[in-house]
Undergrad: 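The structure that follows is given in the form of structure tokens.
The residues of the chain are indexed from 1 along the displayed sequence.
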Amino acid sequence: MKKAVLKQSATLPDAVDGKKRATYRVLVLNAGSSSLKFAVFTGFGHRTKLVRVLSGNIERIGSSTSIFTLKHHNDLPTEHTTISAPNHLRGLTYLLKHLAGIGVTDFAAVGHRVVHGGMRYHEPQRVDRAMLTELRRIRVFDPEHLPAEIALMEFFVKKSPRVPQIACFDTAFHKKMPRVAKLLPIPRRYAAKGVQRYGFHGLSYAYLMQELKTLDGSAAKGRVILAHLGNGASMAAVRAGQSIDTTMAFTPAAGLVMGTRSGDLDPGLVAFLARSEKLTAAQFDKLVNHASGLLGVSETSSDMRDLLAREAKDVRAAEAVALFCYTAKKQIGAYAAALGGLDTLVFAGGIGENSSASRARICAGLDFLGIKLDKTRNAESTPVISAKTSMVTVRVIRTDEELMIARAISENLDLHLTTQI
């Protein structure tokens, strides 16, 4: 097995504070079930500010036409292109070719969001053969994400073996949850096989807690509920900076109502639909992951913006919105109980950051918990949307998973280290 050394040619010389230091360019990949977010950062050495120079997304991977978006973080216009991306690898190939065409090459490292780390991986780590072997073994834990994420890592092992890759695990944030929160009420023998509550959206939650610490250090040490509400939606209860519970469980399909995922369901539905509809396990999995949630209830859209626009004339849209907000409201109450009170509530994610109507409906009637929104602040999505008289501070923080991955790369990248390929 050969050692691959990251050559100095992958760095770009520059000067900082009059001293010659190495700057590097890193590529961050965030693969979803049918999307591939990406970003390019530059930075100077270890623990120094990273600068995002490019970012974008490939949406609708696997459909007949995919949409490629590239945002230049300067004066250049954002690019939108229709491409063919039947899978994530084809999308990545297009991305790298496009970046090369504008002179963005020579990456010093590549970072990956990996949704599931199983029982073994709890910290950002360099990708090696042992990791890839283990991730292949636990692919059944998360067939929606892991196969594509593994394929992206294997691509760089083959095409750019000298470039180190850093894997960042979404499950890591919840690793220290109390055992009672991790246990699932099924026969104990399954726990030995890794069947437990893992929780997800960990990179988002880690970023939110870092930001909260910067904004209000004492609040970050208190009782916090983080609400990452988007197409994928979850909440986490955090005490003294540690996750004590979270809504997603063994898979990301559990917990809150989401765009196309059902969230928590009566497990008896599996047997009922198998008898009445002849649904197989694979068909049931597709049902709860891709045809349920807001889309299933509304029968028209998984997008909260569409549903809010239609709710006045479409009862199905109105009921989908109501169900989403109702389950989120209930969860806040449950986590306030688990935390023994509540000091801070943070909204993030596409819905949490942008839908003032959803936030208002979720928080309505929670005065007994000390939650009271300021209507004007909420409508304007200001950083703090709670009223001055509110006992609980309610914040809106724009999450940034890609920056968290870039930070992990910065902390792990040492130009003098070698990595086993």
Undergrad: Please determine whether side-chain hydrogen bond (donor to acceptor under 3.5 Å, both in side chains) holds for the pair S355 and R305, giving the CA-CA distance in whole Å, both sets of side-chain angles, and the decisive distance to 0.1 Å.
TA: CA-CA 8 Å; S355 178; R305 294 167 295 186; over 6 Å; no
Undergrad: Would one find more than 12 heavy atoms of other residues, nucleotides or ligands at under 6.0 Å from atom NZ of K37?
TA: no
Undergrad: Taking the inter-plane angle between the rings of F68 and F38 on a 0 to 90° scale, is it parallel (under 30°), tilted (30 to 60°) or perpendicular (over 60°)?
TA: parallel
Undergrad: Measuring from atom CE of M153 to atom CE of M131, what distance do you get when rounded to the nearest 0.5 angstrom?
TA: 7.0 Å
Undergrad: Strictly by modelled atom types, are H112 and E149 linked by a side-chain donor-acceptor pair under 3.5 Å?
TA: no
Undergrad: Is the backbone of F156 close enough, under 3.5 Å, to the side chain of S160 for a donor and an acceptor to pair up by distance?
TA: no
Undergrad: Does any part of the side chain of F200, heavy atoms only, come nearer than 4.5 Å to the side chain of T171, both counted from C-beta?
TA: yes
Undergrad: Taking all atoms of both residues into account, what is the closest heavy-atom pair of G352 and V396, and its distance?
TA: O-CG1, 4.2 Å
Undergrad: Quiz question: by atom type and distance under 3.5 Å, do the side chains of T399 and H228 form a donor-acceptor pair?
TA: no
Undergrad: So which atom in N57 and which in S35 form the shortest heavy-atom distance, rounded to 0.1 Å?
TA: OD1-CB, 3.9 Å
Undergrad: When you look at L70 and S55, which way does the side chain to side chain contact (heavy atoms under 4.5 Å, CB included) test go after all the steps?
TA: CA-CA 6 Å; L70 177 63; S55 63; over 6 Å; no
Undergrad: CG/L215 to CD/Q210 distance, rounded to the nearest 0.5 angstrom?
TA: 12.0 Å
Undergrad: Less than 4.5 Å apart, side chain to side chain, heavy atoms only: is that true for L146 and V115?
TA: no
Undergrad: What is the ring orientation for H201 with Y205, classed by angle as parallel under 30°, tilted 30 to 60°, or perpendicular over 60°?
TA: perpendicular
Undergrad: Which atom pair, heavy atoms only, marks the closest approach of I362 to L366?
TA: O-CD1, 3.4 Å
Undergrad: When you check the gap from the basic side-chain N to the acidic O, do E144 and R261 get nearer than 4.0 Å?
TA: no
Undergrad: Would you please test I397 and E353 for side chain to side chain contact (heavy atoms under 4.5 Å, CB included) and show each step?
TA: CA-CA 7 Å; I397 300 178; E353 294 165 14; over 6 Å; no
Undergrad: Using the side chain to side chain contact (heavy atoms under 4.5 Å, CB included) rule, take I225 and L342 through it: C-alpha gap first, then chi angles, then the decisive distance, then the call.
TA: CA-CA 8 Å; I225 294 177; L342 182 61; 3.6 Å; yes
Undergrad: Using side-chain heavy atoms (C-beta onward) and a distance below 4.5 Å, is V40 in contact with V28?
TA: no
Undergrad: Can you find a heavy atom in the side chain of F347 that is under 4.5 Å from one in the side chain of L229?
TA: yes
Undergrad: What about the rings of Y121 and H116, do their centers lie closer together than 6.0 Å?
TA: no
Undergrad: Looking at K221, I want to see if its NZ is surrounded by more than 12 non-hydrogen atoms of other residues, nucleotides or ligands under 6.0 Å.
TA: no
Undergrad: Say whether S301 and D303, considering side chains only, have a donor N or O and an acceptor N or O under 3.5 Å apart.
TA: no
Undergrad: Ignoring hydrogens and angles, tell me if any N or O in the side chain of T280 forms a donor-acceptor pair with the backbone of Q283 under 3.5 Å.
TA: yes
Undergrad: Should M235 and L256 count as side-chain neighbours, where that means a heavy-atom distance under 4.5 Å?
TA: yes
Undergrad: Of all heavy-atom pairs between L184 and F250, which one has the smallest distance, and what is that distance?
TA: CD1-CB, 4.3 Å
Undergrad: Looking at every non-hydrogen atom in both residues, tell me the closest pair between V321 and L307 and how far apart they are.
TA: CG2-CB, 3.7 Å
Undergrad: Would you mind checking if E134 and R137 are paired as a salt bridge, meaning a charged N to carboxylate O distance below 4.0 Å?
TA: yes
Undergrad: Could you give the distance from NZ (K97) to CG (L92), rounded to the nearest 0.5 Å?
TA: 13.5 Å
Undergrad: Please report the closest heavy-atom contact between L373 and R359, naming both atoms and the distance.
TA: CD1-O, 3.9 Å
Undergrad: Can you tell me how far OG of S410 sits from OH of Y24, rounded to the nearest 0.5 angstrom?
TA: 3.0 Å
Undergrad: How many angstroms lie between atom CE of M404 and atom CG of L208, to the nearest 0.5 angstrom?
TA: 9.5 Å
Undergrad: Before accepting this row, confirm whether a basic side-chain N of the pair E411/R126 lies closer than 4.0 Å to the acidic partner's carboxylate O.
TA: no
Undergrad: Ignoring hydrogens and geometry, is there a side-chain-to-backbone donor-acceptor pair from R197 to T247 under 3.5 Å?
TA: yes
Undergrad: Are the side chain of R139 and the backbone of H145 linked by a donor-acceptor contact shorter than 3.5 Å?
TA: no
Undergrad: Are N289 and D285 linked by a side-chain donor-acceptor pair shorter than 3.5 Å?
TA: yes
Undergrad: When you check the gap from the basic side-chain N to the acidic O, do R113 and D170 get nearer than 4.0 Å?
TA: yes
Undergrad: Between N354 (side chain only) and G350 (backbone N and O only), is there a donor and an acceptor less than 3.5 Å apart?
TA: yes
Undergrad: Is there a side-chain contact between R136 and E154 (heavy atoms, below 4.5 Å)?
TA: yes
Undergrad: Parallel, tilted or perpendicular: which fits the ring planes of Y198 and F141, with parallel below 30° and perpendicular above 60°?
TA: tilted
Undergrad: With a 4.5 Å cut-off on side-chain heavy atoms, are M258 and L294 touching?
TA: no
Undergrad: Can you find a pair of side-chain heavy atoms, one from V392 and one from S386, that are under 4.5 Å apart?
TA: no
Undergrad: Say you draw a straight line from CD1 of I83 to CZ of R60; how long is it, rounded to the nearest 0.5 Å?
TA: 11.5 Å
Undergrad: Does R25 use its side chain to pair, donor to acceptor, with the backbone of T105 at less than 3.5 Å?
TA: yes
Undergrad: Spell out, as yes or no, whether a donor-acceptor pair under 3.5 Å connects the side chain of S292 to the backbone of L287.
TA: yes
Undergrad: Counting neighbours of NZ on K329 that are heavy atoms of other residues, nucleotides or ligands and sit closer than 6.0 Å, is the number greater than 12?
TA: yes
